[in-house]
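Chain identifiers are assigned alphabetically (A, B, ...) following the order of the sequence lines, protein sequences preceding nucleic acid strands; residue numbering begins at 1 within each chain.
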Number of protein chains: 2
Amino acid sequence: MSTISVRHGDSSAAILERLRADILAGRLVPGERLGEVALARRFEVSRGPVREALRLLADAGLVSFTPNVGARVRELSLADARVLYELREALEAEAARLAALRATPEEARDLGALLKQHAGEIAAHPVGAYFQSGGDADFHIVIARLSGNPLILRLLDSELYPQLSLLRRRHGRVQGRGREALIEHERIQEAIAAGDGELAGLLMRRHIRASWTSLAGELSQEEER
Amino acid sequence: MSTISVRHGDSSAAILERLRADILAGRLVPGERLGEVALARRFEVSRGPVREALRLLADAGLVSFTPNVGARVRELSLADARVLYELREALEAEAARLAALRATPEEARDLGALLKQHAGEIAAHPVGAYFQSGGDADFHIVIARLSGNPLILRLLDSELYPQLSLLRRRHGRVQGRGREALIEHERIQEAIAAGDGELAGLLMRRHIRASWTSLAGELSQEEER
DNA sequence: CTGACTGAAATTGTCGACAATCTTCCTCCC
DNA sequence: GGGAGGAAGATTGTCGACAATTTCAGTCAG
């Protein structure tokens, strides 16, 4: 609760951020109704800014919107997941390719250091912790940043990843493939450090595809119940 | 002018469509101010729906938006063009790859027929007409559709292509490469008909890159003046 | 003449109210 | 008992007005 913003003209952005956080944290569950009046009361603001935030969230894929009916937290199907992963494959492969061409030696070293840290975390924590603790996400975001393409970064960071996060939440815990993923990450980092764009792109493509295979198996298995 | 919508709840969508058309047709030029009051008066509607449409256009990249200041028709720089083409390369290559895997023989034949028709138009019209008459756009949209991925289709059709269209308008006429493009299109169609996803993706990637090389040359040349 | 300041005008951000539409639930007819 | 019809309540879409902010013209000091 608590009042949302002080400066004039920021309330809609603040609400958007709050709603996004609530959805991704699971405080608002998929399918849940997002009534404008209720949200307006909750954020102590009028319906105008709330409407604006909801439209933007719908555009980002976190909210489904039906004219004259209203907004709900989006429910992602298995078909949606496939579509998302196909897009992810293309975007991340391109990001890795560009990152290899553009990353400075220092940036490549930093990426390697990040993986070293992840390796330590995997050794210390029980199986599967890597993926869930955000280590996987960190790595992919850094590469998107190194691509030097702000549009690709935006698509990944504020559209695709949030939707994937919502997907995992909806379909229960997904165990991930921590150890294998880390090894693949290391190969990708090497390709980037070597400036080999084609290889980095190829490896990233395989990495995403493997991740999809693993996820699709769990999801379809779950869908049968 | 004329009244915008009849049914309750559609005015913002109608305004969005009108504005998009005006921008793409050049009736609203890049950099031009888009005041909410003026637009509201023009469309005979209040500022609410206008605001909504402007926000969505900003999200689609056709309008630049500054908080507390307002919206303008977006001015795309050479750097923006590069970023757009990098994204386009990744998206269209993936679309071509998926199209090759999923298109039915009939769909592949239809695509071939479309190219036959384009060949006729090229023979009939003066140089460069292919590109500008929309033939090029047709081909790419069909492939995006054949990809079977609605998300990729949406990104291309309602985000990337409009921005590219705006870009060409801003930087004056771009002559295109009609004849070469057609030949490349034919090769891509063959790969799709053969179900060869990797080849289709590779050829499309080259096609987009060649298009970028041509465009970048003209743009940077123009930027020097 | 240049630059900072001031105040007015114009513009955006927000609000509360009304109209159109959807949803729910009750009634009535078969 | 089941389904069509309809009225009441709730919700979204739209509007006009007010508050906060930016912009711009004019003034004045240096």
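- At D/dG13, none of the side-chain N or O atoms of B/Ser11 fall inside 4.0 Å of OP1 or OP2 (strictly under the cut-off).
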N/O to N/O distances under 3.5 Å, protein versus nucleotides 6-12 of chain D:
unit_1, atom_1, unit_2, atom_2, d
D/dT11, O3', A/Arg33, NH2, 3.0
D/dT12, OP1, A/Arg33, NH2, 3.4
D/dT12, OP2, A/Glu36, N, 3.3

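- For B/Arg109, the side-chain hydrogen bond (donor to acceptor under 3.5 Å, both in side chains) criterion is met by no residue, not counting sequence neighbours.
- The salt bridge (charged side-chain N to carboxylate O under 4.0 Å, His left out) search around B/Glu92 returns B/Arg88, not counting sequence neighbours.
- Looking at residues two or more places apart in sequence or on another chain, you find a salt bridge (charged side-chain N to carboxylate O under 4.0 Å, His left out) between B/Arg51 and A/Glu52, B/Glu36.
- Following rounding to the nearest Å, A/Asp10 (CG) and C/dG13 (P) show an atom-to-atom distance of 10 Å.
- Under the rule for a salt bridge (charged side-chain N to carboxylate O under 4.0 Å, His left out), the partners of B/Glu17 that lie at least two apart in sequence or sit in another chain are B/Arg20.
- The CG atom of A/Leu16 sits 15 Å away from the P atom of C/dG13 (whole-angstrom rounding).
- Atom CG in B/Leu54 sits about 13 Å away from atom C1' in C/dT11, given to the nearest Å.
- In this structure, B/His185 and B/Phe139 have parallel ring planes: the angle between them is below the 30° cut-off, well short of the 60° mark.
- With sequence neighbours excluded, the residues satisfying side-chain contact (heavy atoms from CB on, under 4.5 Å) with B/Arg72 are B/Arg33, B/Ser64.
- In this model, the phosphate group of D/dT14 is not approached by any side-chain N or O of B/Ser46 to a distance below 4.0 Å at OP1 or OP2.
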